[in-house]
A.B. asks: 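What follows is a structure written as structure tokens; I'll ask about it next.
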Amino acid sequence: MSDQPARWTQATVHPDMWADPDDDPRDTGASPDGELATLLDFLSGYRMTLLMKCEGLDAEQLARRSVPPSTMSLLGLVRHLAEVERDWRGWITGGQPPRLYGERDADFHGAVAEQTVVDAAYADLEREQAATDAALAAHPDLGERLPKDGTSVRELMVHRIEEYARHCGHADLLRECVDGRVGQ
């Protein structure tokens with residue numbers, strides 16, 4: 001008897017998908033026009049993917065560290081991305097906002113199985129994403145250099161997409177370890 005969960009998906013059309021194409025909120029059927037719209041579309045898709053990977057889990061499952069000795073958990077990823085969004089705002093403004101969760105790696109270490117922590121993490125992520133999006137909206141020129149290290153808006157956008165995409169890969173593995181659910 002194994003304590004590994006059986007692999008499964010809700011998709012009935014393509015067994016390697018998270019959801020059937022008609023039920024997947026990431027597929028709007030519209031193709032973005034222009035570079036900025038394309039970057040924002042990819043960012044939105046990865047943000048949504050992370051949240052989808054967390055859907056339907058309780059606080060214990062979200063906080064479960066599925067790959068010891070790593071401190072990574074789905075809840076930790078949500079907290080980490082809230083922290084990273086805040087840090088990116090510093091790239092835009094040239095300032096360094098205080099850390100959201102305190103010392104380094106507190107985003108993962110503080111991801112404990114309490115519903116109040118889960119609720120706060122989702123609220124933090126939503127707030128920090130909105131604030132970073134608003135700060136970037138004031139800089140529509142992708143070639144503009146931002147105060148922190150002269151990073152271009154384009155580079156920051158690509159970095160944001162990369163960060164979410166990488167962590168969505170982690171979320172794939174973490175979710176599969178929690179309850180066996182698989183899919184892109």
A.B. asks: Are side-chain heavy atoms of Asp149 and Trp91 found at a separation under 4.5 Å?
C.D. replies: no

A.B. asks: What are the two closest non-hydrogen atoms of Lys148 and Gln96, and how far apart are they?
C.D. replies: NZ-OE1, 4.3 Å

A.B. asks: Which atom pair, heavy atoms only, marks the closest approach of Tyr46 to Cys168?
C.D. replies: O-SG, 3.3 Å

A.B. asks: Any idea which heavy atoms bring Pro147 and Gly94 closest together, and the distance?
C.D. replies: CB-CA, 3.5 Å

A.B. asks: How about Arg47 and Arg160: do any of their side-chain heavy atoms sit closer than 4.5 Å?
C.D. replies: yes

A.B. asks: With a 4.5 Å heavy-atom cut-off, do Gln115 and Asp58 have their side chains touching?
C.D. replies: no

A.B. asks: Given side chains that start at C-beta, do those of Leu125 and Leu51 come closer than 4.5 Å, heavy atoms only?
C.D. replies: yes

A.B. asks: CG of Asp105 to CE of Met72: how many Å apart, nearest 0.5 Å?
C.D. replies: 10.0 Å

A.B. asks: Would you say that more than 12 heavy atoms from the other residues, nucleotides or ligands in this model lie under 6.0 Å from the CZ of Phe42, or not?
C.D. replies: no

A.B. asks: For the CD atom of Glu162 and the CE atom of Met157, what is their distance to the nearest 0.5 Å?
C.D. replies: 13.5 Å

A.B. asks: Given 3.5 Å as the limit, does a donor-acceptor pair link the side chain of Glu83 with the main chain of Leu100, or not?
C.D. replies: yes

A.B. asks: Hey, what else clusters with Leu173 if you join Ile, Leu, Val, Met, Phe, Trp, Tyr whenever side-chain heavy atoms sit under 4.5 Å?
C.D. replies: none

A.B. asks: Please enumerate all residues that pass ring-ring contact (aromatic ring centres under 6.0 Å, His included) together with Phe108, with sequence neighbours excluded.
C.D. replies: His80

A.B. asks: With a 4.5 Å cut-off on side-chain heavy atoms, are Tyr164 and Leu77 touching?
C.D. replies: no

A.B. asks: So, the side chain of Arg181 versus the backbone of Glu176: is there a donor-acceptor pair under 3.5 Å, distance only?
C.D. replies: no

A.B. asks: Looking at Arg86 and Asp107, is any side-chain nitrogen of the basic one under 4.0 Å from a carboxylate oxygen of the acidic one?
C.D. replies: no

A.B. asks: Using 0.5 Å steps for rounding, measure from the CG atom of Leu81 to the CG atom of Asp87.
C.D. replies: 12.0 Å

A.B. asks: Got a salt bridge between Glu144 and Arg154, using NZ or NE/NH1/NH2 to carboxylate O under 4.0 Å?
C.D. replies: no

A.B. asks: Find the distance between NE2 (His167) and CG (Asp172) and round it off to the nearest 0.5 Å.
C.D. replies: 13.0 Å

A.B. asks: Are side-chain heavy atoms of Leu146 and Val153 found at a separation under 4.5 Å?
C.D. replies: yes

A.B. asks: Quick check for you: to the nearest 0.5 Å, what is the distance between Leu50 atom CG and His170 atom NE2?
C.D. replies: 12.0 Å

A.B. asks: Under 6.0 Å from the CD atom of Glu126, do we count more than 12 heavy atoms belonging to anything else shown?
C.D. replies: no

A.B. asks: Which pair of non-hydrogen atoms, one from Cys54 and one from Val78, has the smallest distance, and what is that distance?
C.D. replies: SG-CG2, 4.0 Å

A.B. asks: Does Arg99 use its side chain to pair, donor to acceptor, with the backbone of Ala106 at less than 3.5 Å?
C.D. replies: no

A.B. asks: Can you name the nearest heavy-atom pair linking Ser73 to Leu174, along with the distance?
C.D. replies: C-CD1, 3.8 Å

A.B. asks: Around atom CG of Asp33, are there more than 12 heavy atoms of other residues, nucleotides or ligands at under 6.0 Å?
C.D. replies: no

A.B. asks: Please examine the side chains of Thr132 and Ile92, heavy atoms only from C-beta on, and report whether any two atoms are closer than 4.5 Å.
C.D. replies: yes

A.B. asks: Considering the options Leu156, Leu40, Leu39, which one meets the side chain to side chain contact (heavy atoms under 4.5 Å, CB included) requirement together with Ile161?
C.D. replies: Leu39

A.B. asks: Please list all pairs passing the salt bridge (Lys or Arg N to Asp or Glu O under 4.0 Å) test where one or both residues lie in residues 108-125, with sequence neighbours left out.
C.D. replies: Asp124-Arg127

A.B. asks: Grab the two heavy atoms, one from Ala135 and one from Arg89, that are nearest each other, plus how far apart they are.
C.D. replies: CB-CG, 4.0 Å

A.B. asks: For residues Arg65 and Thr71, determine if any side-chain heavy atom of one lies less than 4.5 Å from a side-chain heavy atom of the other.
C.D. replies: yes

A.B. asks: Check whether the side chains of Glu155 and His159 place a donor and an acceptor atom closer than 3.5 Å, and report yes or no.
C.D. replies: no

A.B. asks: Please name the residue in the list Gln61, Glu60, Lys53 that meets the side chain to side chain contact (heavy atoms under 4.5 Å, CB included) test with Val178.
C.D. replies: Gln61

